[in-house]
Every structure is written in structure tokens, then in C-alpha cells.
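Comments concern the structure below.
Numbers restart at 1 for each chain; the letters A, B, ... are given by sequence-line order, proteins then strands. Everything numeric in this text was worked out from a predicted model, so none of it was measured.
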There are 2 protein chains.
Amino acid sequence: MRDVAAAAGVSTMTVSNVLSGRRPVSEETRAAVLGAVERLGYQVNVAARSLRRGRTGVVGLAVPALDSPYFSQLAGRLVERLAREGLRVVVEQTGASREGEAAAVRDSRVNAYDGLVLSAVGLGAGDVRALAGDLPVVALGERQDLRRVDHVGMANVEGARAAAGLLLERGCRRLAVVGSPPWDRLDEPGDHGGDAFRLRALGAREAVRAVPAASARALAPGTLLEDGVRCGRELALAADPVDGVVALTDTLALGVLRGLADAGLRVPDDVLVVGFDDVREASASVPSLSTVSPGHDEMVEAVVRLLLRRMADPAAEPEEVFGPFVLLERESTRPAGRSLAPGR
Amino acid sequence: MRDVAAAAGVSTMTVSNVLSGRRPVSEETRAAVLGAVERLGYQVNVAARSLRRGRTGVVGLAVPALDSPYFSQLAGRLVERLAREGLRVVVEQTGASREGEAAAVRDSRVNAYDGLVLSAVGLGAGDVRALAGDLPVVALGERQDLRRVDHVGMANVEGARAAAGLLLERGCRRLAVVGSPPWDRLDEPGDHGGDAFRLRALGAREAVRAVPAASARALAPGTLLEDGVRCGRELALAADPVDGVVALTDTLALGVLRGLADAGLRVPDDVLVVGFDDVREASASVPSLSTVSPGHDEMVEAVVRLLLRRMADPAAEPEEVFGPFVLLERESTRPAGRSLAPGR
DNA sequence: CGAGGTCGGTTTATCGATACAACAGCCGGA
DNA sequence: TCCGGCTGTTGTATCGATAAACCGACCTCG
């Protein structure tokens, strides 16, 4: 910067002012500075700027795994949206573990990110607050037990109730809820209360209990596509067959579709299936997957708003935002015989 | 750091040495320092460290889009692998455009990343060299026209040849190559020579030409899942039917499966389909998708090796590495009637 | 016995940008 | 003529960590 200043015949401070726009500079000197910058190919050193300013312009995004459609699609949206605010995003993978998430929070502080978007599965609000200290954090994707951290959630209970409700309405009476913790442990808030699976399972259970003739079993095979496949196979081969499957994520649902197919069961002729998340792939599977679509865009907007707000005002009162949901019906729950227009 | 030094009764430099491990420190002072660090809750300021060291410990990863399975799965692998080298990864989305990629390279310099992994689709090696300057860059995923930049590629031509060969071997004679540029323009290196689609198309064409009775048409609908769906529908409704589809990416292939289903065509009974990339979803589609699996792990290892090498020695001779490939046969190309063990 | 090496530690001078206070002109009003 | 207020510009201290040189004290080896 000193070289540029010399070349333009001004002080370094003036160069700084031109480049950051913090203080007004006369048109002619400004032109001279920009000319010199161009000529010398100068670029500001972000490390030095960060050191002095105390901010980095980088926010962390911690997700359980990047290679899952829901999170990678979320990451894509968020990266793009935050770029418009002049913020870069670094992605951390937590492996869906408490330790991984704690490490991500620590990392964010060590690396002096300006903020962190944490898609927490293991950490509760208490932990987050304790670990984060003064780091702005927005929790994402599930209800936190305490109201002490900014949080963007989705309508887990309501969405899952609607999903299960759809199957019941379509005539299913013997359901499986894939991804659900044991049926009788849903009411305890769990380790840190409120993971998405528990809440969604709760919603599904509500719907089932509202129909006397209906029964359901809970299955928690894991969260991967392969887990869904395995689960679908087991369901198909089980002694007592099911006629409807509520999968608590689309990834599981897509796996279930595959698993059922392995065993020769047809969807929706023999079994109906509904998912949750509305990932891209759900619209293009065979059969296409009915699913609960949380308001992706609304949630991203809310995350950005809360994050910027807290970065601006660390003392702001924590806020919770819940996105809307829409139940999308596709082939996987159409009663046999009723066809549908292609593409939805 | 000064406070810690005071609390431990040593100099700041000793604290620095304890924390960075650059120079040996006696066991007792080390303990005293760590104690003070713990007690005061001290954390190093990375901005200051970066300023002084001239390195940031961050590398960029520029991909066309995060929400595509291939790239998000790649990103996941790379994030994880580079973490083991003590490097963080920030992800940029280029939108598959020349400008986006150029911006990513510029950004990497502005933000002083230590290196960049560039999954280039628009930029040629010449551009990369010019833009990158002294920034260590490893290009990924397609053959570069010139040998002037480190590059990890896959067996595009050979893999696609094998894929098309499989269909021909299975008796297909009227193929479609989805994602292929116009058949007669494959030999020109294009704008900057060697995008993956062109090379894969070349491979497919070679296989087709080797069988006199076989013919093929090229279709380039785009790269998204939806593009594949549309294409599948069009193929199904076309006046002259096809009996085999080579889709140049799995994402397109999965879309094609859906599009064909929309029109009532069955895979593999009416049409065989093969993809390329071996994304996770390919193993769990209905029918499961035969595909060309590039050596994912080998490629990631190669990227890491080349990147570290160049970061250590900017003057090293550029190197090219090509991964192996394996053709995985699944349901989508099994001749009708021949069933298969579940899971593959 | 002296040259040279190792060990654990300190001192000092940066890295590059920016906050802040100070200051030089200049204008309008008293 | 002088003064307060404005605009545009500059000097300088500072952000926090670390590379490099340096310092005793002790050891080794020819």
C-alpha cells in the first residue's frame, strides 16, 4: 500500500480511504490512486485488514455431512445468499456428533469467523451458548430446548403429522415410521431435547393415535441412504406387512423405495411412502416421492437475517423463527390407478 | 499473549513457541504456559498469525454447484481429507461459468488462500495460469488443453467407451448419448479444449463406431436432474425409439430414468441406461443405475498430494494424474429376466 | 584448552492496514 | 481582519503473533 501511495503521490491513509470508502476522497486523488492500484496490480492484504478491523468477513457453516442432499442443497443456498452480503462461507463437517459440533464451534472462534451457522444435532442450546461465548451463532434445523440462542426451525411436528395424516387419509392402517426413536421415548426431551427426528416422530405419532384403527411401528436404522435401503428390505420381508411408510427424511425415504423394490413390493400399489425435506431428488425418483417441503427459501432468509442482526448487535434478544411447510403429493402416495400429470 | 506470558512468568515468544511447537520448550515452563492459557481462556489470533506467517491455512474449493451430488460428494471427501492435513476448506460456487471461475481464482488471491482446488469447466490452463499468478492451483475433473497446470483427471474417454460398449454388448443398437455436444463437433477442442462432456462423448462415439450396425444420436439438454427428466421424456416420445441410453453424468442418468418412467417405458426391459460418476444415489435408484466409477479416493489423494507439493515448491514441474475407472453393472443394464442380488 | 555446538530462553523488528487525532486550506459571517 | 466550521489529507500508534538474532550456560571434541 505504501508503494501505491508513493506512485499516486499521496499517503497510505488516503489509499486506504479510497479502497475502503470509509472517508470521502476528492475525485482527482481518487482517480490517481485507482490508477496506481491498477498499474501496480495491488491487492489489499486481508490478513492485515482482519487483524486491524477485528472482523474477517467469513462465516462458518457446520453441517453433519456435506454429502447428504439436504445439507448440500442447504449449503449451496446459503453460500450463494451470504455471498450477496459480502460474506464468505467455510464449510465444516461435524459428522453429526457432539464432539464434531463442539469442535466446529471452537474452530470458529479460533479462526475468528464473524459468525457460525450451526446445523446442530448433538448440541443443545446450553452447550452452544457456553461454547460460543461471544461468537454470533444461528442454530438451524431443529428446535432447541432453551430459548437462549438464535434459531431457525421448521415445522417438524406439524409437517410430520400432515405426512402421516396423508397416508391415513389414503387408507393406510399399518404404518412404519422410519427414522423414529422408540415410540415410548418420544416425550423425554432426550439428551438435549428436540432433535428433528424426535419431533417429526412425535408428529407422526399424533396422527396415528388420532385414528383408532391405525397402528405403527418405529424404526431407526440410521440416517444414510443405505440405511433406508436396508430398512425398506426388512419391512418388505417382515412377518406382518405394512401398507404405509413415513420416512422422516427424504434420504431415508428414497432408500426405502429402493429397499421395497429389492423385495418386489411396488409403490404405491402395495405400499405408500412419504418423505420429509423436499430434496431435489424426491421429484425425480421412481416413483416420485411425496414429501413435506419446509420453506427452504424462507429459512435461508431467516438465517441470514438473524445472523446479520446478531453480528451487528451481540446483545440482541435471541429470536426463534419457524418456516412454513407444504405437503407435496406425488406418485408415491397416489392410490393405484390414479395417474398424474408428469413433472410434479 | 502478553497477558499469558505475564501470568506464566515468561516472555511472549516462549508462549508462542509452546503453542506453535516451533521450538522446544522445557517441560516445566511448557506446563506453566499451558496452565496460564487454560486459566485465561486464551486463544491465538489467527489474523495476526496469518499476517506474520504469510500463510492462512485455508484452501479454496471452487465447484460449479454445491447442490449437485457429484460435486457435493467430492466436496465432502476433500473437506475431510484436507482437515487431516490441518487445512480448512472454503467452498466457492462458480455456476459453471468462465466468469464465475475467474472470480473464484481472483477471490482466492484476494483472500490469500494458500491454495485452490478448481473444478474447471470454462477456464483453460492458459487462463488459469494467467489468473492464478503465484497461487497454487490444482485443476480437477477434466483434461486441460495445456500441460501448464497441476491437474487431476479421470478416464473420461475410456470410461465412456466402456459404458457405451456395455450397452452394445447387451444388444443395443440405437443409442442416445445424453449430455453430448453435437456429434460432428467433438473433435474440435472447443473453446478451451477438453471439457468432460466432450471427452466422454468422444469415448461413447468410438464405441458406437466400432459396431457397424449401431447408430447413436447426441442430446445436450443441460446438466441438471430436471434436464435429464425432460430428455428422458423426449426420448420416450420420439418417433424413432432408442434401445439404450448413455448418460454422461449420473445426475442426467437418474433424470432420464424418471423421464422414461413418465412415458411408461421400463428400464431395463424396454431401454437400457448407463451413467457416469458413481454418485451415491446411483446405487439406490429404481432401477439401480449401472455407471462408470472413477476412482474417487485415488483422485482425492492425488489432489491433496499435488496441492501440498505445489504449496511447498511453487516452481515444481506441473503434473497430471489420471484416476482409474471401474464399470459397475447394476439393474439398469441387466437384460430383462436376469435378476440380481439385492444391494449392488 | 579453545573452537564450535546445543539448549532454553529473551529482545526487537517486522508483517500490512487502519483508527484517530491533528492539520492545512478555504469559505462565509461578524 | 479574524474566527468557527467544513473538507480533504497526513503522521503515527496500534492490532497480535512471530522470525531472526542474540545471550548465557553448559557440553564436546580435536
Side-chain angles (χ1 to χ4, degrees), chain A residues 1-38 40-58 86 88 107-114 133-135, chain B residues 1-37 40-58 86 88 107-114 133-135 312:
Chain A
M1 189 178 258
R2 189 160 50 216
D3 294 347
V4 172
V10 296
S11 73
T12 60
M13 211 38 231
T14 298
V15 176
S16 176
N17 285 330
V18 168
L19 264 41
S20 68
R22 260 182 63 91
R23 302 184 47 149
V25 175
S26 75
E27 201 42 60
E28 47 192 343
T29 48
R30 154 185 227 80
V33 167
L34 291 178
V37 165
E38 187 65 30
L40 302 185
Y42 167 79
Q43 299 185 329
V44 294
N45 178 317
V46 257
R49 167 176 287 176
S50 301
L51 173 59
R52 189 65 243 244
R53 285 204 182 161
R55 286 177 300 104
T56 59
V58 174
R88 329 197 60 68
D107 263 17
S108 300
R109 297 183 62 187
V110 169
N111 279 72
Y113 298 157
D114 291 348
D134 51 355
L135 175 76
Chain B
M1 190 177 256
R2 189 161 49 215
D3 294 347
V4 173
V10 297
S11 74
T12 61
M13 205 47 224
T14 298
V15 177
S16 175
N17 284 329
V18 168
L19 265 41
S20 67
R22 260 182 63 92
R23 301 183 45 158
V25 175
S26 76
E27 201 43 59
E28 46 191 342
T29 47
R30 151 185 229 82
V33 167
L34 291 178
V37 164
L40 302 185
Y42 167 79
Q43 300 186 329
V44 294
N45 178 318
V46 255
R49 169 177 283 178
S50 300
L51 174 60
R52 187 65 245 240
R53 283 203 181 161
R55 286 175 301 105
T56 58
V58 173
R88 328 197 61 68
D107 263 16
S108 300
R109 298 184 61 187
V110 169
N111 279 71
Y113 298 159
D114 291 348
D134 51 355
L135 175 76

Rounded to the nearest 0.5 Å, how far does CG of B:Leu51 lie from CZ of A:Arg52?
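A:Arg52 CZ to B:Leu51 CG: 12.0 Å, rounded to 0.5 Å.
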Do you know which two heavy atoms are closest between A:Leu135 and A:Tyr113, and how far apart they sit?
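Heavy-atom minimum between the residues: CD1-O, 3.5 Å.
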Looking at A:Arg49 and A:Val44, what are the two nearest heavy atoms and their distance?
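Distance-wise, the nearest heavy atoms are NH2-CG1, 3.8 Å.
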Distance-only donor-acceptor pairs under 3.5 Å for side chains of residues 13-24 of chain A, two or more places apart:
{"from": "A:Thr14", "atom 1": "OG1", "to": "A:Ser11", "atom 2": "OG", "distance (Å)": "3.3"}
{"from": "A:Asn17", "atom 1": "ND2", "to": "A:Met13", "atom 2": "O", "distance (Å)": "3.2"}
{"from": "A:Ser20", "atom 1": "OG", "to": "A:Ser16", "atom 2": "O", "distance (Å)": "3.0"}
{"from": "A:Ser20", "atom 1": "OG", "to": "A:Arg22", "atom 2": "N", "distance (Å)": "3.4"}

Considering only heavy atoms, which members of residues 31-38 of chain A lie under 4.0 Å from some atom of DNA chain D?
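Within residues 31-38 of chain A, no residue comes under 4.0 Å of DNA chain D.
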Which letters describe nucleotides 9-19 of chain C, given B = protein heavy atom under 4.0 Å from base, S = only from sugar-phosphate, - = neither?
BBB-BBBBBBB
Using the side chain to side chain contact (heavy atoms under 4.5 Å, CB included) criterion, which residues pair with A:Ser50? Sequence neighbours excluded.
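So A:Ser50 forms a side chain to side chain contact (heavy atoms under 4.5 Å, CB included) with A:Thr56, B:Ala47.
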Suppose we screen for salt bridge (charged side-chain N to carboxylate O under 4.0 Å, His left out). Which residues come up paired with B:Arg88, at least two apart in sequence or across chains?
A:Glu92, A:Asp107
As a check of understanding: the bend across the helix from C:dC1-D:dG30 to C:dA30-D:dT1, end axes from five pairs, rounded to 10 degrees, works out to 50°
Test of understanding: with side chain to side chain donor-acceptor pair (under 3.5 Å), list the residues that count as partners of A:Asn45, not counting sequence neighbours.
none
Less than 3.5 Å apart, which donor and acceptor atoms pair up between the side chains of residues 25-37 of chain A and the rest of the protein, not counting sequence neighbours?
{"from": "A:Ser26", "atom 1": "OG", "to": "A:Thr29", "atom 2": "OG1", "distance (Å)": "2.8"}
{"from": "A:Thr29", "atom 1": "OG1", "to": "A:Ser26", "atom 2": "O", "distance (Å)": "3.0"}

